[in-house]
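If you're wondering where the values come from, they're calculated on a predicted model, not measured in any experiment.
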Amino acid sequence: MTGEVTLPVQASAAAAFDLVSDVTRIGEFSPETFEARWSRGSTGPAVGAFFKGHVKRNGVGPTYWTGCRVTACSPPTAAEPGVFEFAVGTDDTTINNWGYRIESTGEGSCAVTEYFRLEAGLLTKAYWLVLGRLRTRTNQRGMRTTLEAMKEVLEK
């Protein structure tokens with residue numbers, strides 16, 4: 001109940017981390033989430049920060065707001081990749097986790113991976129059995145679109 005897409009980027013890992021962790025810019029890149037804003041007093045990326053994403057499912061509808069909580073936020077270092085991850089759901093129930101890993105690949109370049117991971121509940125497992133393959137393809141297409149748009153910005 002996971003999937004990921006990785007793209008090489010000719011930009012520093014720090015610049016890539018700054019971009020993926022700025023949720024207010026996701027509308028520039030994502031085919032599904034057309035805007036996001038920090039919420040509940042949060043003003044930027046940090047573990048425990050909250051934001052809301054305005055989503056148009058599959059890029060065509062329905063449109064709804066999702067609540068998100070940052071669960072990992074560590075910039076890349078020379079020894080470790082950077083990670084920005086958030087849980088989607090309610091305060092009591094996480095449905096899905098989305099994230100980015102950014103790893104330096106040399107002087108001024110990095111690899112950016114976007115990934116998702118569904119929580120293993122009974123309803124989620126049933127959904128995955130019925131629609132998992134289709135949703136994985138849709139998610140991978142969306143992740144590739146998002147990463148390619150981010151890459152274009154980072155490489156300018």
Side-chain angles (χ1 to χ4, degrees), residues 1-55 58-59 66-91 93-121 124-125 128 132-156:
M1 297 192 312
T2 66
E4 66 179 45
V5 172
T6 302
L7 280 184
V9 178
Q10 293 300 310
S12 72
F17 181 83
D18 288 346
L19 184 63
V20 304
S21 64
D22 183 357
V23 300
T24 65
R25 294 194 64 189
I26 194 62
E28 298 173 44
F29 314 114
S30 172
E32 285 195 1
T33 305
F34 57 92
E35 69 177 315
R37 63 178 180 233
W38 296 106
S39 63
R40 299 186 187 188
S42 299
T43 59
V47 171
F50 289 92
F51 66 95
K52 289 185 174 191
H54 207 180
V55 175
N58 297 324
T66 61
C68 304
R69 181 179 41 83
V70 177
T71 55
C73 186
S74 55
T77 66
E80 296 289 326
V83 177
F84 181 73
E85 183 177 290
F86 54 93
V88 179
T90 66
D91 286 350
T93 306
T94 297
I95 298 166
N96 199 352
N97 299 277
W98 286 88
Y100 297 90
R101 277 189 311 276
I102 300 96
E103 189 166 4
S104 179
T105 56
E107 189 72 28
S109 64
C110 63
V112 181
T113 301
E114 183 175 4
Y115 59 90
F116 73 94
R117 180 181 67 255
L118 290 172
E119 289 296 311
T124 310
K125 286 180 181 180
W128 199 252
R133 236 181 244 168
L134 179 62
R135 189 65 209 169
T136 296
R137 279 197 311 262
T138 299
N139 283 353
Q140 286 177 322
R141 247 189 334 266
M143 290 185 291
R144 182 163 302 285
T145 297
T146 299
L147 291 176
E148 287 172 349
M150 287 178 167
K151 177 179 177 157
E152 188 174 323
V153 167
L154 286 164
E155 290 183 348
K156 282 187 176 178

Starting at [atom1] of [X], measure out to [atom2] of [Y] and round the result to the nearest 0.5 Å.
| X | Y | atom1 | atom2 | answer |
| --- | --- | --- | --- | --- |
| E103 | S109 | CD | OG | 10.5 Å |
| W98 | T33 | CH2 | OG1 | 8.0 Å |
| L118 | N139 | CG | CG | 7.5 Å |
| R117 | N96 | CZ | CG | 8.5 Å |
| M143 | L7 | CE | CG | 10.5 Å |
| R40 | D91 | CZ | CG | 4.0 Å |

Note to self: C73 vs F17, test: side chain to side chain contact (heavy atoms under 4.5 Å, CB included). Steps then yes/no.
What the structure shows: CA-CA 9 Å; C73 186; F17 181 83; 3.9 Å; yes
Identify the heavy atoms of [X] and [Y] that sit nearest to each other, and give their distance.
| X | Y | value |
| --- | --- | --- |
| V112 | A16 | CG2-CB, 3.9 Å |
| A36 | I26 | CB-CG2, 3.8 Å |
| S30 | T146 | CA-OG1, 3.4 Å |
| A49 | S42 | CA-OG, 3.3 Å |
| T105 | A111 | CG2-N, 3.8 Å |
| V55 | F34 | C-CE2, 3.9 Å |

Margin query: When you compare the side chain of F86 with that of V23, does any pair of heavy atoms fall below 4.5 Å?
Written below: no
Check: V88 versus F116: any side-chain heavy-atom pair under 4.5 Å?
Finding: no
Check: What class does the angle between the rings of F84 and F51 fall in, given that below 30° is parallel, 30 to 60° is tilted and above 60° is perpendicular?
Finding: parallel
Item checked: Inter- and intrachain pairs under side-chain hydrogen bond (donor to acceptor under 3.5 Å, both in side chains), touching residues 6-23, at least two apart -> T6-T113, D22-T24
Next item on the list: Just do the side chain to side chain contact (heavy atoms under 4.5 Å, CB included) check on T138 and R141 with the steps written out, would you?
Entry: CA-CA 5 Å; T138 299; R141 247 189 334 266; 3.6 Å; yes
Margin query: Between V5 and E114, does the side chain to side chain contact (heavy atoms under 4.5 Å, CB included) criterion hold? Intermediate values first, please.
Written below: CA-CA 6 Å; V5 172; E114 183 175 4; 5.5 Å; no
Note to self: Please list all pairs meeting salt bridge (Lys or Arg N to Asp or Glu O under 4.0 Å) that have one or both residues in residues 42-53, counting only residues at least two apart or in different chains.
What the structure shows: none
Next item on the list: Show your reasoning for whether side chain to side chain contact (heavy atoms under 4.5 Å, CB included) applies to Y100 and L19.
Entry: CA-CA 11 Å; Y100 297 90; L19 184 63; over 6 Å; no
Next item on the list: Would you confirm whether T71, through its side chain, and E85, through its main-chain N or O, come within 3.5 Å as a donor-acceptor pair?
Entry: yes
Checklist line | Whether over 12 other heavy atoms sit under 6.0 Å from E152 CD | finding: no
